[in-house]
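In what follows, a structure is listed as C-alpha cells, so that the remarks can point back to it.
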Amino acid sequence: MTTVRILPELLSNQIAAGEVVERPSSVVKELVENSIDAGASAITIEIEKSGKSLIRVSDDGIGLSRDDALLSIERYATSKIFKTEDLFCISTMGFRGEALPSIASVSKFTLVTRAENKDTGTRIEILGGKVRNVSDVGAPVGTMVEVKDLFFNTPARKKFLKSDNTEISHISDAIAGIALGHPNIRFRLFSNKSLHKNFPASDHLFPRAVNVLGTEVSKKMTEIRYSGTGLTLSGYCVFPDIVRNTGSRIFLFVNRRLVYDRGLISAIFQGYRGRLMKGKYPLVVLFIEIPFDAVDVNVHPTKREVRFFNHQEVYEAVFRAVDHALSNARKEGSRGQTAELEKPPHLQGFYPEGPMFERDSPGVEQGARAWGYPEKKFFEKAPAKRESLIPEPIQASVFHPDPPRILGQVMGTYILAESEAGLLLIDQHAAHERIVYEALKKKLNSSGMASQTLLVPETLELSHKESDILLGLLPHLSSLGIEVEPFGGTTFIIKSVPSIISQKAMAPILTEIIETSLVDKNEFSKDRWLDECLILMACHKAVRANLRMNVMEMESLLRDLEKCENPLHCPHGRPIRVTLSKNDLEKLFKRIV
Ligand code: ADP
Ligand code: MG
C-alpha cells in the first residue's frame with residue numbers, strides 16, 4: 001500500500017532547484033535579478049572556477065532585516081507577490097520565491113545583509129539546505145550572497161557541468177542580457193579575482209549596447225522607435241554588414257525582462273528580409289513595453305518565455321519597426337545625416353569631450369570597499385574601455401551619393417566602377433534582381449500587376465499534394481496577375497501571366513512557388529509568400545551572369561540601382577557590390593600595414 005506524503009522540504013527544494021538552478025549561470029541570473037529588484041545601483045559578481053567553486057553577488061540595494069532574511073530562505077517566501085491577481089501584473093524580475101531556498105539546498109550558502117534602517121547586519125549560513133548558523137554582523141547596507149561548491153550534494157547534477165570556458169561564457173551571456181536591460185546599474189564580473197566584464201552605469205542604452213555588442217557596432221547601429229496603442233518599441237538594430245552565425249546577439253526584452261520568443265525572432269528576421277544572407281543572424285537589442293495584463297510571463301520556471309495575448313499585433317509592429325529603422329537609416333545616410341543617426345539629439349549632452357569618469361556616489365564606493373571588491377584591477381582596466389565608448393560618425397562610404405564611373409565589365413558578370421568610396425565590383429545579376437524586385441513590389445502595392453492573357457494556355461501537371469497547395473493559392477496568385485484554373489484531376493492550366501514575365505518562365509516559377517509554400521508555413525506565410533513570389537519572378541527576369549553589356553546598359557543599371565530602397569543586397573540577401581577602398585588597396589599592395 002502506498003501512502004501519500006508531503007515531500008520533505010529539503011527534497012522539494014532540491015526538485016525546485018532542478019528547475020531553477022541548472023548551472024552556475026542560472027544562480028548568477030537569479031541572484032543578480034534579486035539585487036535589481038532590491039533597487040541596487042551597483043552589482044558585483046565574483047566567480048571562481050567558472051562559478052563551480054564560488055559565486056558571490058553583492059549589491060547596494062535595500063537589504064533585509066533579520067526577520068526578512070530568515071523568511072527569504074523559506075520556500076515560496078517572496079516579498080513580491082501577495083495575491084493571485086498580482087501574478088498577472090508582474091513588474092519585478094523574480095516572483096516565485098523559489099530561488100534562494102533552491103540554491104541553498106544544493107550548495108554551501110551564505111547570506112549577509114543589512115537593511116537601511118538597521119545598525120547591524122545578519123549573516124545566515126546554510127549547508128545543503130540546512131541552516132547552520134545565524135548571527136549579527138557588521139555589514140554595509142545591501143546584500144551579499146555567497147554560493148560555494150555548487151551541487152556538492154547532488155553529484156549527478158555536478159557531472160553535467162561543462163568546461164570552465166563554457167560555464168563562464170554562459171555567465172557572461174546572462175550578465176550581458178541583464179545589463180542591457182538595466183543600463184543605469186553598474187555591473188562588474190570578476191573571474192578568479194580579475195575583472196572580466198565591466199559595464200559602467202549610464203543614462204542611456206547606447207553606450208551599454210556598444211559595450212555588450214562590441215565596439216565595432218558603434219558606427220553601425222540604427223535606432224528602433226515605435227509607439228502605438230498599448231505598445232512601445234525601442235532599441236537598436238545593427239546594419240547587416242555585421243552579422244553572427246547564431247542568434248546569441250539578439251536580445252529581446254518584454255517590460256525589461258529578457259525573453260526568448262520564436263515569433264519575435266521571426267518578426268525581426270522579417271524586418272531584415274532581403275538584407276541578410278541565409279544562415280546569418282543580425283545583432284539586435286529590442287525593448288517591448290506592453291501593459292502587464294497583455295502578456296503572460298509566468299509560462300516557464302526560468303521565466304525566459306512569454307505569451308502575448310495579441311501576438312500577431314506585436315509581431316507585426318516589430319517587423320515594421322525593424323524594417324523602418326533599417327531603410328530609414330539608409331535614406332538619411334544618403335542625405336549625409338548619418339552622424340546624427342547614432343547620436344540621437346537627446347544624447348548630445350551625454351557624451352563628454354574626454355573620457356567619462358565614475359559616476360557613483362561616495363556612499364556606494366564605501367559600501368563596495370566594505371564588501372571587499374577587488375577595486376584596483378577595475379581602475380587599471382577601465383579607462384581604455386571608456387574612451388572607446390565615444391562614438392565616431394558613420395563612414396560616408398557605406399552610402400554612395402555620386403554615380404560611379406564605369407570602367408568596364410569583367411567575366412561577363414561583374415561591373416567594374418570607380419566611386420568616391422574606391423573601386424566597386426557590382427554583381428550585375430544581383431543588381432538587376434534588386435531593381436526588378438522593387439519595381440514589382442511597387443506595382444503590386446499600387447496599381448496591381450498588369451497581366452497578359454496567353455493565346456495558347458499552358459498546362460501544369462502536379463502531384464496530389466502540390467495540387468492541394470495550388471488550389472489554396474489561386475486567389476493570391478490572381479493578385480500577382482497570374483491566372484490559373486483547375487483542369488480536372490491534378491492538371492491545371494495557366495491562362496494569363498504578369499506582363500513582365502515571359503510565358504515560358506511561368507511554369508517553373510509556379511512549381512517553385514508551390515514548393516516554397518510546402519516548406520514555409522509560418523506566421524507570416526501570406527505576406528512572406530507574396531514576397532517570395534516577387535523574388536522568384538525578379539530572379540527569372542533579371543539579366544544573367546555571362547551576358548555582355550555595353551557601357552550605356554551598365555550605366556542605366558547602376559542608375560536604377562541607386563534609386564532602389566536597398567541597393568546593397570539582392571532580394572535573397574546576397575551583397576550586390578564589393579568596395580575596395582584606397583586603404584584596402586594599399587593594404588593589399590603592402591604600401592601600408
Ligand atoms: P523571489 O525573487 O522570487 O521573490 P527569491 O528566493 O529569489 O524569490 O528571494 C526571496 C526574497 O528574498 C525576495 O522576495 C526578497 O524579498 C529577498 N531578497 C533576495 N535577494 C535579495 C537582495 N539581494 N536584496 C534584498 N532582498 C532580497
Ligand atoms: Mg528571485
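All values derive from a computational prediction rather than experimental measurement. Order of listing sets the numbers, starting from 1, for every ligand and every atom in it.
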Quick check: does E30 get an N/O under 3.5 Å from an N/O on ligand 1? no

For ligand 1, is any non-hydrogen atom under 4.0 Å from V145's backbone (N, CA, C, O), its side chain (CB onward), both, or neither? neither

Could you check which of A40, S72, S35 puts a non-hydrogen atom nearest to atom 12 (O) of ligand 1? S72

Carboxylate-amine/guanidinium proximity below 4.0 Å for E46 and K193: no

Once ring-ring contact (aromatic ring centres under 6.0 Å, His included) is applied, do any residues pair with Y226, and if so which ones, sequence neighbours excluded? none

Would you check the N or O atoms of D37, main chain and side chain alike, for any that come under 3.5 Å of an N or O of ligand 1? no

Heavy atom of I62, distance to ligand 1 below 4.0 Å: no

Can you tell whether the side chains of E33 and K29 come within less than 4.0 Å, N to carboxylate O? yes

Give the single entry among I103, N34, V57 that approaches atom 7 (O) of ligand 1 most closely by any heavy atom. N34

At under 4.0 Å between heavy atoms, is it the side chain or the backbone of L100 that contacts ligand 1, or both, or neither? both

Does an N or O anywhere in A99 fall below 3.5 Å from an N or O of ligand 1? yes

Within a distance under 4.0 Å of any heavy atom of T143, pick out the atoms of ligand 1 and give their elements. 22 (C), 23 (N), 24 (N), 25 (C)

Short N-O contact, E146 and K148, less than 4.0 angstrom: yes

Assess whether a salt bridge exists between R66 and D136, defined as any Lys/Arg side-chain N lying under 4.0 Å from an Asp/Glu carboxylate O. yes

Proximity of A38 to ligand 1 by residue part, where a heavy atom lies under 4.0 Å: side chain

What I want to check is whether the side chains of R208 and S202 have a donor and an acceptor closer together than 3.5 Å. no

Partners passing ring-ring contact (aromatic ring centres under 6.0 Å, His included) against F308 (at least two apart in sequence or in another chain): none

